[in-house]
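Have a look at the structure below, then the notes.
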There are 2 protein chains.
Amino acid sequence: MVRVSSASAAEPSRPARVSGIDKIERRRVALAESALKTLGELGYARTSLREIANNSEFTHGVVHYYFRDKVDLISYCVRYYKTKCAQRYDEVVETAGSAEELAAGFLSKMAQTLVEETPMHRLWYDLRAQSMFEEQLRPDVAAIDQLLEEMIWRILTRYADLSGTEPAVDAPTAYALVDGLFEQAVVNYAADPAGARDLLTGRVEQVLPKLVYSA
Amino acid sequence: MVRVSSASAAEPSRPARVSGIDKIERRRVALAESALKTLGELGYARTSLREIANNSEFTHGVVHYYFRDKVDLISYCVRYYKTKCAQRYDEVVETAGSAEELAAGFLSKMAQTLVEETPMHRLWYDLRAQSMFEEQLRPDVAAIDQLLEEMIWRILTRYADLSGTEPAVDAPTAYALVDGLFEQAVVNYAADPAGARDLLTGRVEQVLPKLVYSA
DNA sequence: GACTTTGCTTGACACTTGTCAAGAAATCTC
DNA sequence: GAGATTTCTTGACAAGTGTCAAGCAAAGTC
């Protein structure tokens, strides 16, 4: 489990009672969730602290009570987000009994998250781009990239296993390829929400077998 | 040839002489080039018109003399950029006499542009991400994506030709895959400028043969 | 050389931004 | 329930933003 709380926040002197620290943490999470919703809608650049506060039940001063500054908040959000996104396919990987079943489960889950969590994916690609310019974001972004790479790698190795063969590319390559397809789908989704889904599944389906040696 | 000038700019009433319109166009290009330099350095979000003017030989008022507003400028920049980037590999495609030669030329050119035009690539991925939030950018971004897809497709079909076979994926898929690898390299380049180059070439080398049917 | 058009500079405007601080409100402690 | 502590609200600040307009400089026109 990732300890999101050990961040670099102001850490106001903690109250004596045990529930206090948790309460603070819960407020942080609530703020982060609200912030993520706004961020996903508007993107990193256009999201101000006031906008985040407006779209939440809090006022803009509260943000500064729980986070040192904007980067601290965004950073926290990214780390919070991270803990939620990289285990999406784990169940599919564990329960699939054949390569076809795994592929089908992966594809359907992928299409589902594309549709249901579009804003989050948009935000992710935005943040990764921002990290190229804003050094402070790089560690967090790199950590998520790592997590996602491992996620894809788990899927691919299991897929190869079930096919009685081995991956034909290494982990970073596999991740870059699948991510390229997914990002394309996310970008296209803005223009054509209806078609993007099927195009994605079709393309991943096309590519997946090429990532392992033929059995 | 793309007519960049037919944009939506203010279009001040043109002087009678023929050189006048060209002079305006040349100023626009000069401003765009300066803006692109700043944009590549700072990214879309952090680049203000004043910053663009400061890093150029002009003052911030001139920008508004030649461009209606900020989006008009950025839009123009993107379209100007587009005309320069999608023909990078054309010479390699035309002169290569064998599949290996084509692959080698492609890889070396790709590595070269990664290193020499890093800011431009960063900016491109930034802009594409922004286009998911800013509708006005979408047409321009989509046009560039299209151009790049065709570029990759020219390379792949020629590569298949020279190998005496055919592409095993369609154009959008091929583009998404290669682009995934390239974007990963651009992001990594920020953290590790030395290693990113070789990692990219290695990975593309690994993948390229899998995009065509084995001869 | 006067006059008009074009090109550019400067300074201002309305607005948004992140940040902070003073104090009200709520909560806890005894 | 009084007092202390935590939590939150409100209003303000300086800095930065896009935009524009008034006026100066330069170039072209007759």
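What you see is a predicted model; the values in this text were computed from it and never measured. Values below: all heavy atoms of this structure, side chains included; hydrogens, waters and symmetry mates excluded. Reminder, nothing fancy here: chain letters follow the sequence lines and each chain counts from 1.
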With respect to the side chain of [X], which nucleotide from [options] is positioned closest?
| X | options | result |
| --- | --- | --- |
| A/H64 | C/dG7, C/dC20, D/dC8 | C/dC20 |
| B/T59 | D/dT17, C/dC8, D/dC8 | C/dC8 |
| A/K70 | C/dT19, C/dT9, D/dC20 | C/dT19 |
| B/L49 | C/dG18, C/dT9, D/dG18 | D/dG18 |
| B/S48 | C/dC8, D/dT17, D/dC20 | D/dT17 |
| A/H60 | C/dT19, C/dA12, D/dG18 | C/dT19 |

- Query: With nearest nucleotides of DNA chain C determined for A/G61 and A/E51 from heavy-atom distances, which residue corresponds to the more 5′ nucleotide?
  - Reply: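 The residue closer to the strand's 5' end, by nearest nucleotide, is A/E51.
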
- Task: Of all the heavy-atom pairs spanning A/A129 and B/D126, show the shortest one and how long it is.
- Result: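 Looking at all heavy atoms of both residues, the closest pair is CB-CA, 3.9 Å.
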
- Message: Looking at every non-hydrogen atom in both residues, tell me the closest pair between A/F106 and A/V92 and how far apart they are.
- Response: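 Nearest pair, atom of A/F106 first, then A/V92: N-CG1, 3.7 Å.
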
Spacing of [X] atom [atom1] relative to [N] atom [atom2], expressed in whole Å:
| X | N | atom1 | atom2 | result |
| --- | --- | --- | --- | --- |
| B/D72 | D/dC20 | CG | P | 12 Å |
| B/R27 | D/dA26 | CZ | P | 14 Å |
| A/F67 | D/dC8 | CZ | P | 12 Å |
| B/E57 | C/dC8 | CD | C1' | 12 Å |
| B/Y44 | D/dT17 | OH | C1' | 13 Å |
| B/Y65 | D/dT19 | OH | C1' | 17 Å |
| A/I24 | D/dC8 | CD1 | P | 10 Å |
| A/R46 | C/dT17 | CZ | P | 12 Å |

- Query: Can a cation-pi geometry be assigned to A/R154 and A/Y89, taking NZ or CZ under 6.0 Å from the six-membered ring centre and within 45° of the ring axis?
  - Reply: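 Negative - A/R154 is either too far from the ring of A/Y89 or too far off its axis.
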
- Please determine if A/K70 forms a cation-pi arrangement with A/Y44, meaning its NZ or CZ atom is less than 6.0 Å from the six-membered ring centre and no more than 45° off the ring axis.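 Here A/K70 passes the 6.0 Å and 45° test against A/Y44.
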
- Let me see the working for A/Q184 and B/D179 under side chain to side chain donor-acceptor pair (under 3.5 Å), right down to the final yes or no. CA-CA 9 Å; A/Q184 188 186 64; B/D179 190 58; over 6 Å; no

- Would you classify A/R50 as touching base, sugar-phosphate or nothing, given that sugar-phosphate means primed atoms plus P, OP1 and OP2, and contacts are heavy atoms under 4.0 Å?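 Since a base atom lies under 4.0 Å of A/R50, the category is base.
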
- Task: Please check the phosphate of C/dC8 (OP1 and OP2 only) for any side-chain N or O of B/Y66 closer than 4.0 Å.
- Result: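 B/Y66 to C/dC8 OP1/OP2: side-chain N or O found under 4.0 Å.
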
